[in-house]
Amino acid sequence: MLISETMFLGAVFFVFAAFDLVMLISLLKMGDERSQIIVGKASSFTLLAVVGSKIFYVAENFVKAQPMTANPLVQLETAAIIYFAALMYYKKRLGG
């Protein structure tokens with residue numbers, strides 16, 4: 001049982017690392033105007049989603065009077081997943 005759990009977590013880590021690499025490469029890669037628009041729209045959507053979720057998180061913890069504990073790795077991976085999904089959406093929509 002322990003080996004299968006370790007393999008699952010290793011696979012999840014590999015997928016998240018791939019999402020992070022895709023995010024960094026697409027942000028650093030210079031391209032034509034269309035690809036810059038696609039990356040800009042995906043980045044804007046990701047920023048909006050992450051900031052919006054943080055606002056809800058802070059408000060919820062304030063109302064419940066709980067301490068704010070957030071794992072930065074989880075935040076990074078959530079942002080990477082949102083960015084990857086938005087990038088794929090805008091590439092398909094705008095023909096990237």
Side-chain angles (χ1 to χ4, degrees):
M1 191 77 159
L2 183 61
I3 294 174
S4 62
E5 292 171 355
T6 305
M7 289 176 58
F8 174 74
L9 289 176
V12 168
F13 179 73
F14 179 74
V15 169
F16 286 159
F19 282 155
D20 288 339
L21 284 174
V22 167
M23 181 174 64
L24 291 175
I25 289 171
S26 68
L27 286 172
L28 295 175
K29 186 172 72 170
M30 297 300 286
D32 61 349
E33 186 176 322
R34 181 184 295 178
S35 64
Q36 289 177 353
I37 290 171
I38 291 170
V39 169
K41 285 184 177 280
S43 300
S44 297
F45 180 78
T46 303
L47 180 65
L48 178 69
V50 171
V51 169
S53 69
K54 292 296 156 200
I55 289 171
F56 286 126
Y57 176 73
V58 168
E60 178 187 9
N61 286 330
F62 181 75
V63 169
K64 292 182 178 180
Q66 295 177 344
M68 287 186 269
T69 58
N71 187 346
L73 183 61
V74 172
Q75 293 174 357
L76 174 65
E77 298 311 327
T78 303
I81 291 169
I82 292 170
Y83 179 79
F84 183 76
L87 186 65
M88 293 298 109
Y89 171 76
Y90 285 116
K91 274 189 179 182
K92 185 173 183 172
R93 184 171 177 234
L94 299 174

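Scope of the values below: all heavy atoms of this structure, side chains included, with no hydrogens, waters or symmetry mates.
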Engineer: Side chain to side chain contact (heavy atoms under 4.5 Å, CB included) with Phe16: which residues, sequence neighbours excluded?
Structural biologist: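 Counting only residues at least two positions away or on another chain, Phe16 forms a side chain to side chain contact (heavy atoms under 4.5 Å, CB included) with Val12, Phe19, Glu77, Ile81.
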
Engineer: Can you tell me which residue pairs pass the side chain to side chain donor-acceptor pair (under 3.5 Å) test with a partner in residues 39-50, sequence neighbours excluded?
Structural biologist: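 Not a single pair qualifies under side chain to side chain donor-acceptor pair (under 3.5 Å).
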
Engineer: Which value, rounded to the nearest 0.5 Å, describes the distance between Tyr90 atom OH and Phe45 atom CZ?
Structural biologist: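 Rounded to the nearest 0.5 Å, the OH-CZ separation comes out at 6.5 Å.
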
Engineer: Only counting residues at least two apart or in another chain, list the ones meeting side-chain hydrogen bond (donor to acceptor under 3.5 Å, both in side chains) with Gln75.
Structural biologist: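 Counting only residues at least two positions away or on another chain, Gln75 forms no side-chain hydrogen bond (donor to acceptor under 3.5 Å, both in side chains).
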
Engineer: Give the intermediate values and the outcome of side chain to side chain contact (heavy atoms under 4.5 Å, CB included) for residues Val39 and Tyr83.
Structural biologist: CA-CA 9 Å; Val39 169; Tyr83 179 79; 3.6 Å; yes

Engineer: Give me each pair satisfying salt bridge (Lys or Arg N to Asp or Glu O under 4.0 Å) with a member in residues 80-89, each pair once, sequence neighbours excluded.
Structural biologist: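 Residue pairs with at least one partner in residues 80-89: there are none.
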
Engineer: If you draw a 6.0 Å radius around CD in Gln66, do more than 12 non-hydrogen atoms from other residues or ligands fall strictly inside?
Structural biologist: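 Enclosed.
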
Engineer: Establish whether Val15 and Met88 are linked, either directly or via other cluster members, by ILVMFWY side-chain heavy-atom contacts under 4.5 Å.
Structural biologist: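 Yes, one cluster joins them.
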
Engineer: Can you give each donor-acceptor pair under 3.5 Å made by side-chain atoms of residues 47-63, sequence neighbours left out, with the distance rounded to 0.1 Å?
Structural biologist:
from	atom 1	to	atom 2	distance (Å)
Ser53	OG	Ala49	O	3.4
Ser53	OG	Val50	O	2.8
Tyr57	OH	Asn61	ND2	3.4
Tyr57	OH	Thr69	N	3.0
Tyr57	OH	Thr69	O	2.6
Glu60	OE2	Lys64	NZ	3.1
Asn61	ND2	Tyr57	O	3.4

Engineer: Do Val22 and Ile37 share a hydrophobic cluster (ILVMFWY, side-chain heavy atoms under 4.5 Å, transitive)?
Structural biologist: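 Same hydrophobic cluster.
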
